[in-house]
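Please read the structure below before turning to the comments.
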Amino acid sequence: MNIAFVAAEVAPWSKTGGLGDVCGALPRALAARGHRVITVSPRYRDYPDAWDTGVRSRIHLFGQDHEVAFFHAAAATDGGTCHHLFVDHPSFRRSGIYGDASGAYADNLFRFALLSRAGIEAAALVPLFGRDAAGDPGGEPPFAAGKNNGRGPEPLGEDVVFHVNDWHTALVPLYLEALYRPAGRFTRAATVLGIHNAGHQGNFAAHKFAGLDISTRWWPHVDMDGQVNLLKTGAVLADKLVAVSPTYAREVCGELGFGLGGVFSARGRDLVGIVNGIGEDWSPATDVNLARTFTADDLAGKLECKRALQRELGLAQRDVPILALIARLDPQKGVDLVMQALPWLMQQDIQLVLLGSGNKALEQQMREMEWANPEKARGWVGFNEALAHRIEAGADLFLMPSRFEPCGLNQLYSLRYGTVPIVHATGGLADTVETLDPARDRGTGWAFRHFSVESFVDAMGWALLTWWKFPEAWAAMQQRGMRQDWSWTRSAAAYERVYAEVLGRRA
Ligand code: ADP
């Protein structure tokens with residue numbers, strides 16, 4: 001299949017969260033499975049590995065023509081090359097992706113309409129894919145001219161699935177309907193809208209609609225309560241919607257749709273959920289950040305990682321459970337629940353390790369927690385990727401009491417590292433963590449249903465009891481979690497089925 005990802009973030013070039021991770025990893029997993037895949041995202045800065053293709057496109061928006069250039073970086077995978085295109089335009093070259101200290105950029109509607117248009121043009125224009133001697137799509141020479149068999153490389157083409165993501169690129173299905181298909185172009189192209197977080201919808205004043213360069217008869221598809229709402233546009237027009245977990249797919253039909261619940265639920269079976277995968281850099285068998293690697297069959301290395309973590313953080317090297325949390329300090333993450341549970345936690349024979357940054361009040365509470373409990377608690381304020389790996393490896397229990405969580409990654413890392421997760425049963429957390437049932441040899445952690453400090457403490461109480469009294473049940477639970485497959489290969493196979501369905505319908 002021909003697959004074009006259009007997204008505001010593609011890691012490692014640009015990332016503020018899970019969106020960037022998905023749009024970096026999933027396209028590669030699909031290219032590895034033999035598909036022809038491109039990503040199209042903005043060129044926010046000079047990327048040393050991305051070269052000017054020389055291809056230009058003129059796009060009419062907000063009353064004038066804008067020229068964009070396409071830069072290109074190739075990423076080799078086991079199965080084929082994943083082609084990353086970057087749209088070059090002055091409006092993308094700012095300090096932030098969406099805004100800066102003074103708020104969201106005022107021209108974001110223009111910027112992301114431009115990205116959406118450029119994403120469509122890229123599929124039609126940028127020659128990336130080699131042909132074999134007969135001129136059919138075949139081998140994959142690098143972009144450079146002369147490295148082909150004289151027929152020249154060809155673009156991805158118009159028989160393509162556009163996988164667009166969140167509000168930023170949700171205009172792609174509308175532009176296909178309003179501008180391209182009436183001209184006989186992209187008639188068999190299909191669209192999939194990825195929903196990573198429905199809390200952000202791309203709301204703009206109604207008068208800005210005129211800048212989008214489409215007929216006013218499309219206004220009802222864009223209008224939400226008298227405003228432009230880009231996520232709604234995508235939700236109405238994309239052939240299929242994929243939320244980042246099955247439970248989140250149901251939740252966005254209600255309160256967690258933040259006003260779009262009715263729009264999502266009207267899509268019925270065209271709204272599905274697929275849990276994200278985790279990258280190969282999160283594997284305890286090969287993780288370069290660890291004191292010692294380990295596997296489900298040999299957990300000795302995990303104990304060494306625990307001792308190393310205790311040494312690194314200046315905690316006593318005692319045999320007590322380490323409870324950990326790593327998160328953006330945002331109300332969504334429920335860190336306030338941990339703070340409310342602190343009096344109870346500090347009465348237990350445990351060590352507590354929190355790593356996070358964000359909300360200033362929560363940062364201060366983390367510091368105060370450490371000052372008041374120097375023997376038991378560490379609050380590391382900041383962003384530290386290597387430490388995050390060592391905490392996942394060294395801790396016994398991982399806390400994720402999120403208010404809502406579209407997918408969540410840390411609980412998946414925890415499962416793979418034998419660090420038993422305690423989660424609020426919401427979104428992807430509900431889909432990936434099953435509460436321990438020792439009688440039936442089932443379960444990988446604890447998922448508490450009610451978002452309250454009582455339920456959270458109750459779950460932690462069961463976990464501590466199990467850790468102290470039932471080490472065999474504990475080890476079996478760890479191993480069950482570690483042996484689960486949360487790889488991108490699994491998710492990519494599920495996405496393939498969605499693409500095949502929508503392409504089939506359009507054909
Ligand atoms: P979200 O995308 O909502 O932030 P996820 O659980 O999906 O939540 O992903 C968060 C990612 O960011 C994880 O890889 C997590 O380890 C990482 N992370 C968050 N805060 C920190 C931090 N302070 N230091 C290191 N890594 C962090």
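Every number for a ligand or one of its atoms is a count from 1 in the order of the listing. We use all heavy atoms of the structure for the numbers below, so side chains are in, but hydrogens, waters and symmetry mates are not.
Of all atoms in ligand 1, listed by their number and element, those nearer than 4.0 Å to a heavy atom of Tyr413 are 13 (C), 14 (O).
Residue-environment remark: CZ (Arg483) exceeds the threshold of 12 foreign heavy atoms within 6.0 Å.
In summary, the aromatic rings of His72 and His84 are positioned with their centroids too far apart to meet the 6.0 Å limit. Within the 6.0 Å centre-distance limit, the rings of Phe112 and Trp167 are counted as a close aromatic pair. For an aromatic pair to be called close, the ring centres must be under 6.0 Å apart, and His168 with Tyr98 satisfies this.
Asp88 and Arg93 are joined by a salt bridge, as a carboxylate oxygen and a charged side-chain nitrogen come within less than 4.0 angstrom of each other. The pair Arg390-Asp287 does not meet the salt-bridge criterion, since no charged nitrogen lies less than 4.0 angstrom from a carboxylate oxygen.
For atom 24 (N) of ligand 1, the closest non-hydrogen atom on the protein side is Asn384 N, 3.0 Å. Ranking protein heavy atoms by distance to atom 15 (C) of ligand 1, first place goes to Asn410 ND2, 3.2 Å. In this structure, the protein non-hydrogen atom closest to atom 20 (N) of ligand 1 is Ala327 C, 3.5 Å. Protein heavy atom in closest approach to atom 9 (O) of ligand 1: Leu409 CD1, 3.8 Å. From the protein, the heavy atom lying nearest to atom 8 (O) of ligand 1 is Lys333 NZ, 3.0 Å. Looking only at heavy atoms of the protein, atom 2 (O) of ligand 1 is closest to Gly18 N, 3.4 Å. For atom 4 (O) of ligand 1, the closest non-hydrogen atom of the protein is Arg328 NE, 2.7 Å.
Donor-acceptor pairing under 3.5 Å is lacking for the side chains of Asp297 and Thr295.
Here's the thing with Glu385: none of its N/O atoms is less than 3.5 angstrom from an N/O atom of ligand 1.
Across every non-hydrogen atom of Pro321 and Asp396, the tightest pair is CA-OD2, 3.4 Å.
Assignment of Gly382 to the shell around ligand 1 is supported, since a heavy atom sits closer than 4.0 Å. Judged by the shortest distance from any of its heavy atoms, Glu392 lies outside the 4.0 Å radius around the atoms of ligand 1.
For the pair Thr419 (side chain) and Leu415 (backbone), a donor-acceptor distance under 3.5 Å is absent.
Counting protein heavy atoms under 4.0 angstrom from atom 11 (C) of ligand 1 gives zero.
Comparing Trp380, Trp282, Phe383, Phe404 by heavy-atom distance to atom 22 (C) of ligand 1, the nearest is Phe383.
Heavy atoms of Cys407 found under 4.0 angstrom from ligand 1: none, in either backbone or side chain.
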